[in-house]
**Student:** 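Before I ask anything, here is the structure I am working with.
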Amino acid sequence: MEVRTRFAPSPTGFMHLGGLRTALYNYLFARQNGGKFILRIEDTDQERYVEGATEVIYDTLRGCGMQWDEGPDVGGDYGPYIQSQRKDLYMPYAKKLVETGHAYYCFCTECELKERRAAAEAKGLVFKYDKHCLGLTKEEVDRRLAEGQPFVIRQNAPTEGTTSYTDLVYGEMSFPNDTLDDMVLIKADGMPTYNFANVIDDHLMGITHVMRGAEYLSSTPKYNLLYEAFGWEVPQYIHLPSVMRDAHHKLSKRDGDAYYSDYVDKGYLTEALINYLALVGWNPGDDREFFTMDELVQAFDVHRLNKAPGIFDVDKLTWFNAEYIRRMDFDAYLAKVTPWFDQVFAGKKMDYHRLAELMHDRTEVFNRVPDMVRFLCTLPDYEAELFTHKKMKTNPDVARTALLLCQPVLEGIAEEDWNETELHDRLMAAITDSGMKNGQVFWPLRIALSGQASTPGGAIEIAYLLGKEESLCRLQKGLEKLA
RNA sequence: GGCCCCGUGGUCAAGUGGCCUAAGACACCGCCCUUUCACGGCGGCUACUCGGGUUCGAAUCCCGACGGGGUCACCA
C-alpha cells in the first residue's frame with residue numbers, strides 16, 4: 001500500500017519550529033517510502049482567520065525544500081485541501097454517527113457549560129460533559145431542531161472498558177474510557193471541530209501514517225473510537241516528542257524563538273535550521289551530523305525517533321549555521337552578507353569583496369556581522385590599556401615606539417600602492433630593521449587601527465580596508481592616547 | 001487533581017543483560033598554531049534521578065518513589 005502522510009497546519013501567519021519539524025518528518029517518511037506528502041490547511045476556526053497565512057506556509061515549506069504532492073495550490077485527487085472548503089462534507093458523517101448512537105445532539109449552551117465547569121472545579125473535580133443531552137428523546141431533539149435551537153453534535157464515548165492503540169514510537173498506549181470526554185464534533189456554527197475534521201479528512205484522503213506532536217497522544221483514543229464507529233481502518237500513529245526551549249517551557253511566540261521567520265531574520269540559513277531540527281528527537285544511529293535533504297530522506301528512520309522531549313539548543317544551531325556558512329561558495333556568501341555590510345557602510349567606501357573574505361569563516365549568524373565590522377566605519381572609544389598585551393610583549397612604551405615606527409612607513413606608501421602586499425613587505429622590513437618582534441609592532445598597530453582587542457583580520461588587512469588617510473589618522477590618535 | 005508519556009553529562013545523544021573503568025557532537029576550560037580573533041590540531045571537565053527487586057552479571061528487565069512534560073475547550 002502506498003504511504004501517504006500529511007502536514008496539517010492551521011494558518012496562523014507563522015511557522016512554528018515544532019510544526020516545521022513535524023512537516024519535515026512527514027516529508028522524509030513519505031519520500032523514503034516512495035509515498036505521497038499531502039498539505040492540508042486546517043482553518044475550521046473562522047475567528048482565527050489571518051490574511052496571507054497560507055502563503056507563509058507555502059513559502060516556508062518550499063523554502064525548506066519540502067514540496068508537497070497534493071495540496072490546495074497543486075491539487076490532487078482528494079481535494080479540496082482547505083478544510084473550510086470542505087465545510088459541507090462533515091455534517092452527513094456526524095449525522096450518521098448520531099443514527100448509530102455514536103454521537104448525539106447537544107443543546108447545552110456555552111454559558112451553562114461554563115457554569116457547570118466552574119461548579120465542578122470549585123469542588124476540586126475534573127469537569128467532564130455529563131451526557132446531559134444524551135437523555136433527550138428523539139421527539140424532544142426533533143422539536144428543538146425544528147425550533148431552530150442552536151446545537152452541537154457530541155461524540156458518545158463509552159464509559160467502561162479501555163481503548164488502546166499502538167504508536168510506532170511510544171508503543172502500546174492504553175486509556176480507561178471513563179476518562180474520555182464527549183468531545184464536540186460539530187460546532188454551533190455548523191463547522192466541524194479540528195478533532196472531527198481531522199479524522200474524516202485523514203480517512204477520506206487515504207492517510208496511512210499520522211505523524212504529529214505528542215500532545216495528541218491522549219486524544220488519540222477518541223479519534224480511534226470514531227474510526228471504529230465508521231468501520232474505517234485506523235492509521236498508523238507516529239507521535240513526535242515536543243521541542244522545548246528549556247526543561248520547563250516550550251518554544252514560544254513571546255520569547256521570539258519559536259518561529260522559522262525569527263531565525264531567518266536573524267541570519268540563520270534554512271539548510272542549517274533543517275539539519276539541526278532533524279536532529280532534535282531523532283538521530284541516524286551513527287556519528288553523522290551533516291545532512292542534505294536527500295541524505296535525510298535516506299537516513300531517516302521512524303524507529304530512531306526519541307520519546308523524551310528535546311531542548312532546542314540555539315548554541316548548537318549556531319554552530320551548524322557557522323559550519324554551513326563556511327561551506328558556502330564565496331560568491332554566495334558575498335551576496336548574502338552584502339545587505340548586512342550595507343547596514344554599516346551604506347554610502348561609504350569599503351572593499352566588500354576583501355572584507356567578505358575576512359569575514360567568511362568568522363560568521364556564525366549574519367545578524368552579528370554589523371557589530372563585527374562597525375569599527376571599520378567608526379573607531380570605537382578605547383582605553384590606552386588595550387595597547388598592553390603580555391603575550392605580545394607590549395606596554396605603552398613599546399606601543400609608542402611601534403606606532404612611531406609604522407607612521408613613516410605608511411606615509412611612504414603611495415595612495416595607488418596601498419595594498420596588502422606592499423603594506424606587508426614594507427612593515428616587515430621596518431620591523432626587521434628595528435629588531436622588534438612582529439607582535440610588538442602588529443599588536444599596537446592593530447589596536448590603533450581598530451580600537452578593539454579582537455578583529456576580523458590583522459593589522460595589515462585592516463590598514464588596507466581603512467585606506468591610507470584613515471589609517472594614518474587612527475595611528476595618530478593612538479599616539480595621542482599614548483602621549 | 002484525574003489520565004497519559006518521559007527520565008544517560010549544562011544541551012543533543014549512542015547504548016536493547018556481559019564488548020560500559022558509558023561513544024560522539026555543541027558549550028565550557030587548557031595547550032599548540034598565530035601580528036589579534038576565528039579556523040584548525042591536541043588534551044581536559046561533566047552523566048546512567050533515587051530506592052528496592054530479578055540475575056552469576058543491569059544504564060539496559062520489573063516494582064515503587066521522586067522529578068519533568070503533555071492533556072483534560074463549540075483552539076487547532
Side-chain angles (χ1 to χ4, degrees), chain A residues 8-12 42-45 47-48 83 106 108-110 113-114 117 121 124-128 150-154 167 170-171 173-176 178-181 183-189 191-195 197-198 213-221 239 241-242 244 246-250 276 279-283 285-289 304 306-320 322 326 358-364 372 389 391-392 424 427-428 431 437-447 450 452-462:
Chain A
S10 84
T12 61
E42 310 226 330
D43 59 345
T44 53
D45 187 0
E47 289 175 20
R48 281 214 218 170
Q83 272 179 344
C106 171
C108 295
T109 64
E110 268 189 274
L113 255 20
K114 214 171 165 181
R117 194 184 316 278
E121 278 166 11
L125 266 48
V126 206
F127 177 76
K128 210 184 106 185
F151 67 91
V152 302
I153 295 181
R154 284 181 184 275
D167 183 275
Y170 287 91
M173 299 290 294
S174 197
F175 298 79
D178 61 8
T179 62
L180 269 27
D181 201 3
M183 62 177 182
V184 171
L185 267 22
I186 300 287
K187 298 186 268 192
D189 66 1
M191 287 289 265
T193 56
Y194 159 83
N195 298 302
N198 218 259
E215 62 268 26
Y216 296 104
L217 232 26
S218 48
S219 41
T220 298
H239 285 96
S242 43
M244 312 282 289
D246 58 47
H248 310 281
H249 307 272
K250 303 179 79 164
Y276 175 61
L279 262 13
V280 180
W282 172 82
N283 76 82
D286 53 38
D287 286 343
R288 280 181 299 164
E289 291 201 286
R304 299 202 63 90
N306 271 95
K307 296 178 183 174
I311 295 173
F312 186 85
D313 182 1
V314 181
D315 284 339
K316 182 95 186 203
L317 167 65
T318 299
W319 175 77
F320 266 111
R326 285 187 197 109
L358 295 170
M359 288 295 292
H360 195 166
D361 64 8
R362 283 171 239 255
T363 306
E364 294 188 299
M372 290 172 77
H389 189 282
K391 220 180 126 199
M392 293 297 117
H424 175 269
L427 249 10
M428 286 306 274
I431 292 170
K437 290 188 169 299
N438 288 348
Q440 289 181 302
V441 176
F442 283 123
W443 176 272
L445 213 214
R446 196 178 53 80
I447 295 301
S450 69
Q452 52 192 44
S454 73
T455 51
I460 292 166
E461 290 86 351
I462 294 167

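Just so it is clear, the model here is predicted, and its values are computed rather than measured. Throughout, a chain's letter reflects where its sequence line sits, starting with A, and its residues are numbered from 1.
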**Student:** Under a 3.5 Å cut-off for both contacts, is rG64(B) paired Watson-Crick or G-U wobble with anything, and if yes, with which nucleotide?
**Tutor:**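 The answer is rC50(B), by the H-bond criterion.
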**Student:** Any strand counts, and the cut-off is 3.5 Å on both contacts for Watson-Crick or G-U wobble. Which nucleotide pairs with rA13(B)?
**Tutor:** none
**Student:** When rounded to the nearest Å, what value does the distance between C1' atoms of rG15(B) and rA25(B) take?
**Tutor:**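 16 Å, rounded to whole Å.
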**Student:** For the pair Phe312(A) and Tyr276(A), name the ring-plane relationship: parallel under 30°, tilted 30 to 60°, perpendicular over 60°.
**Tutor:**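 Perpendicular.
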**Student:** Specify the closest pair of heavy atoms between Lys307(A) and Tyr170(A), including all atoms of both residues, with the distance to one decimal.
**Tutor:**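 Where Lys307(A) meets Tyr170(A) most closely, the heavy atoms are O-OH, 2.8 Å.
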**Student:** Round to a whole Å and report the spacing from CZ of Phe175(A) to P of rC4(B).
**Tutor:** 7 Å
**Student:** With no hydrogens and no angle check, is any side-chain donor or acceptor of Arg326(A) less than 3.5 Å from a backbone partner on Asp361(A)?
**Tutor:** yes
**Student:** For the side chain of Asn195(A), counting heavy atoms from C-beta on, which of rA73(B), rA76(B), rC26(B) is nearest?
**Tutor:** rA76(B)
**Student:** Rounded to whole angstrom units, what separation is found between the CG atom of Asp315(A) and the P atom of rC29(B)?
**Tutor:** 12 Å
**Student:** Could you pull out all residues at least two apart from Arg304(A) that satisfy salt bridge (Lys or Arg N to Asp or Glu O under 4.0 Å)?
**Tutor:**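 Arg304(A) satisfies salt bridge (Lys or Arg N to Asp or Glu O under 4.0 Å) with no residue once adjacent residues are dropped.
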**Student:** In whole Å, I'd like the distance from the CD1 atom of Ile186(A) to the P atom of rC75(B).
**Tutor:** 12 Å
**Student:** What is the minimum heavy-atom distance between Leu217(A) and Pro221(A), and which atoms define it?
**Tutor:**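 Nearest pair, atom of Leu217(A) first, then Pro221(A): O-CD, 3.7 Å.
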**Student:** Take atom OH of Tyr194(A) and atom P of rA76(B), then tell me their distance rounded to the nearest Å.
**Tutor:**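 Result: 10 Å.
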**Student:** Starting at atom CG of Leu185(A), determine the distance to atom C1' of rA76(B), rounded to an integer number of angstrom.
**Tutor:** 15 Å
**Student:** According to side-chain contact (heavy atoms from CB on, under 4.5 Å), who are the partners of Lys128(A), at least two apart in sequence or on a separate chain?
**Tutor:**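 Once residues adjacent in sequence are excluded, the partners of Lys128(A) under the side-chain contact (heavy atoms from CB on, under 4.5 Å) criterion are Asp181(A).
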**Student:** Strictly by Watson-Crick or wobble contacts shorter than 3.5 Å, is anything paired with rU71(B), and which nucleotide is it?
**Tutor:** rG2(B)
**Student:** What integer number of Å spans the C1' atoms of rG43(B) and rC6(B)?
**Tutor:** 36 Å
**Student:** Taking for each residue the nucleotide of RNA chain B with the nearest heavy atom, is it Glu215(A) or Glu42(A) whose nucleotide lies nearer the 5' end?
**Tutor:** Glu215(A)
**Student:** Strictly under 4.0 angstrom, non-hydrogen atoms only: write out the protein contact profile of nucleotides 6-13 of chain B, one letter per nucleotide from the 5' end, B, S or -.
**Tutor:** SS---BSS
**Student:** Can you check each nucleotide of nucleotides 34-40 of chain B against protein heavy atoms at under 4.0 Å and return B for base, S for sugar-phosphate only, - for none, in 5' to 3' order?
**Tutor:** BBBBSSS
**Student:** Find the partner of rU21(B): check Watson-Crick (N1-N3 plus N6-O4 or O6-N4) and G-U wobble (N1-O2, O6-N3) distances, both under 3.5 Å, and reply none if neither fits.
**Tutor:** none
**Student:** Strictly below 4.0 Å: does Lys187(A) bring a side-chain N or O up to OP1 or OP2 of rA73(B)?
**Tutor:**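 Checking Lys187(A) against rA73(B): no side-chain N or O falls below 4.0 Å of OP1 or OP2.
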**Student:** I need the CG-P distance between Asp286(A) and rG15(B), as an integer number of Å.
**Tutor:** 10 Å
**Student:** Is a donor on one side and an acceptor on the other found under 3.5 Å between the side chain of Thr44(A) and the backbone of Met191(A)?
**Tutor:** no
**Student:** Roughly how far apart, to the nearest Å, are rC50(B) and rC56(B) at atom P?
**Tutor:**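 Approximately 24 Å lies between the P atom of rC50(B) and that of rC56(B).
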**Student:** Minimum heavy-atom separation for Met244(A) and His248(A), please, with both atom names.
**Tutor:** CE-C, 4.0 Å
**Student:** Report the nucleotide, chosen from rC74(B), rA73(B), rA23(B), that has the shortest atom-to-atom distance to any side-chain atom of Asp287(A).
**Tutor:** rA23(B)
**Student:** Would you measure the distance from the C1' atom in rU46(B) across to the matching atom in rA27(B) and give it in whole Å?
**Tutor:** 12 Å
**Student:** Given atom CZ of Arg288(A) and atom P of rG24(B), what is their separation to the nearest angstrom?
**Tutor:** 18 Å
**Student:** Pick base, sugar-phosphate or nothing for His239(A), based on heavy-atom distances below 4.0 Å to the nucleic acid.
**Tutor:** nothing
**Student:** What integer number of Å spans the P atoms of rU21(B) and rC48(B)?
**Tutor:**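 rU21(B) and rC48(B) have their P atoms separated by 14 Å.
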**Student:** Taking atom C1' in both rA47(B) and rC26(B), compute the distance separating them and give it to the nearest angstrom.
**Tutor:** 16 Å
**Student:** Any protein N or O atoms within reach of nucleotides 62-65 of chain B? Criterion: under 3.5 Å, listing atom names and distances.
**Tutor:**
none

**Student:** Locate the shortest heavy-atom distance separating Thr455(A) from Ile462(A); write the atom from each residue and the value.
**Tutor:**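 Distance-wise, the nearest heavy atoms are OG1-CD1, 3.4 Å.
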**Student:** Please state the P separation for the pair rU11(B) and rC28(B) - nearest whole angstrom.
**Tutor:** 16 Å
**Student:** Could you tell me which residues satisfy side-chain contact (heavy atoms from CB on, under 4.5 Å) with Arg288(A), sequence neighbours excluded, listed by chain and number?
**Tutor:** Pro284(A), Asp286(A), Phe291(A), Ala299(A)
**Student:** Classify Ser174(A) by what it touches in the nucleic acid, base, sugar-phosphate, or nothing, heavy-atom distance under 4.0 Å.
**Tutor:**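 Sugar-phosphate only.
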**Student:** Side-chain contact test, heavy atoms from C-beta onward, threshold under 4.5 Å: evaluate it for Glu289(A) versus Lys316(A) and give yes or no.
**Tutor:**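 The answer is yes, as the side chains (C-beta and beyond) meet within the 4.5 Å cut-off.
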**Student:** Can you see which heavy atom on Val441(A) is nearest to which on Pro444(A), and at what distance?
**Tutor:** O-CD, 3.2 Å
**Student:** In whole angstrom, give the distance that lies between atom CE of Met244(A) and atom P of rG68(B).
**Tutor:** 12 Å
**Student:** Taking all non-hydrogen atoms of both residues, which atom of Asn306(A) and which atom of Pro241(A) are closest, and how far apart?
**Tutor:**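 For Asn306(A) versus Pro241(A), the nearest heavy atoms are O-CG, 3.0 Å.
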**Student:** For rG9(B) versus rU49(B), give the span between their P atoms, rounded off to a whole number of Å.
**Tutor:**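 Looking at atom P only, rG9(B) and rU49(B) are 6 Å apart.
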**Student:** Taking pairing as Watson-Crick or G-U wobble with both contacts under 3.5 Å, can you name the mate of rA38(B), or confirm there isn't one?
**Tutor:**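 Across any shown strand, rA38(B) pairs with none.
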**Student:** Measure the spacing between NE2 of His389(A) and CD of Gln440(A) and express it to the nearest 0.5 Å.
**Tutor:**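 Here the rounded value is 12.5 Å.
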**Student:** Which part of the nucleic acid does Met173(A) contact within heavy-atom distance under 4.0 Å: base, sugar-phosphate only, or nothing?
**Tutor:** sugar-phosphate
**Student:** Does rG1(B) have its OP1 or OP2 closer than 4.0 Å to a side-chain nitrogen or oxygen of Lys128(A)?
**Tutor:** no
